[in-house]
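Structure record follows, encoded as structure tokens.
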Amino acid sequence: MSPTHTGVTTAPADLAPCGQEDHPDCGIRDVLDRIGDKWSVLVIVELAGGPRRFRELQRAIDGISQRMLTLTVRRLERDGLVLRTVYPTVPAQVDYRLTGTGAGLTHLVKALADWSLTHRAAIAEARHRYDRAHPGHDIR
């Protein structure tokens, strides 16, 4: 193990409570409102590979409608995560790219993806055990 390696910690992180009446808002709700929806993370992942035009994004993200992609990139742009550039051509060309803030988020998304892959089997097994112990309680 290298001297800078910190090892893997399974204990919970030291987090202050959020969202309680006597505690100032820590900002997690704002972030989750944006990246916790069905499509935003997929758009961020796609833009991590570089600028994309609207149709390229739509083709790359299976199942997203034109309207939902429009709303998603607008919200990401409003939050400063995506930059929309319109080029003065006929017809006008538009591309989308991550801002510095959006690019910084990709490291967290990657960490979450890595975590999900590492724990996929354990989560599936926990669900299976729960479903066996609680028949008829479909909570999907």
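Source: prediction; values computed, not measured.
Within 6.0 Å of CG on Asp114 lie more than 12 heavy atoms contributed by other residues, nucleotides or ligands. The environment of CZ in Arg78 is sparse: at most 12 heavy-atom neighbours from other residues, nucleotides or ligands sit within 6.0 Å.
The shortest distance between side-chain heavy atoms of Leu42 and Trp39 falls below 4.5 Å. Considering only heavy atoms from C-beta on, Val86 comes within 4.5 Å of Arg84 through its side chain. Between Leu69 and Phe54 the shortest side-chain heavy-atom distance falls below 4.5 Å. Between Arg55 and Gln66 there is a side-chain heavy-atom pair separated by less than 4.5 Å. Within the 4.5 Å cutoff, the side chain of Val41 has heavy atoms near those of the Val45 side chain.
In terms of heavy atoms, Thr99 sits closest to Gly80 at OG1-O, 2.5 Å. The two atoms that bring Ala48 and Thr106 nearest to each other are CB-CG2, 3.9 Å, heavy atoms only. Residues Ser65 and Gln58 share a closest heavy-atom pair of C-NE2, 3.9 Å.
Taking NZ from Lys110 and CG from Leu105, the interatomic distance works out to 14.5 Å, rounded to the nearest 0.5 Å. Taking CZ of Arg67 as the start and CG of Leu71 as the end, the distance is 4.5 Å to the nearest 0.5 Å. To the nearest 0.5 Å, the span separating CD1 on Ile44 from OG1 on Thr72 amounts to 10.0 Å. Atom-to-atom distance recorded for Leu98:CG and Glu46:CD is 10.5 Å, nearest 0.5 angstrom. Remark: Asp95 CG to Thr85 OG1 distance equals 5.0 Å, nearest 0.5 Å.
If you run side chain to side chain contact (heavy atoms under 4.5 Å, CB included) between Arg52 and each of Val73, Ile61, Leu57, only Leu57 comes through.
No chain of hydrophobic side-chain contacts below 4.5 Å, direct or via other Ile, Leu, Val, Met, Phe, Trp or Tyr residues, connects Val109 to Leu83. Linking ILVMFWY residues whenever their side-chain heavy atoms come closer than 4.5 Å, directly or via other members, leaves Leu76 and Leu112 in distinct clusters.
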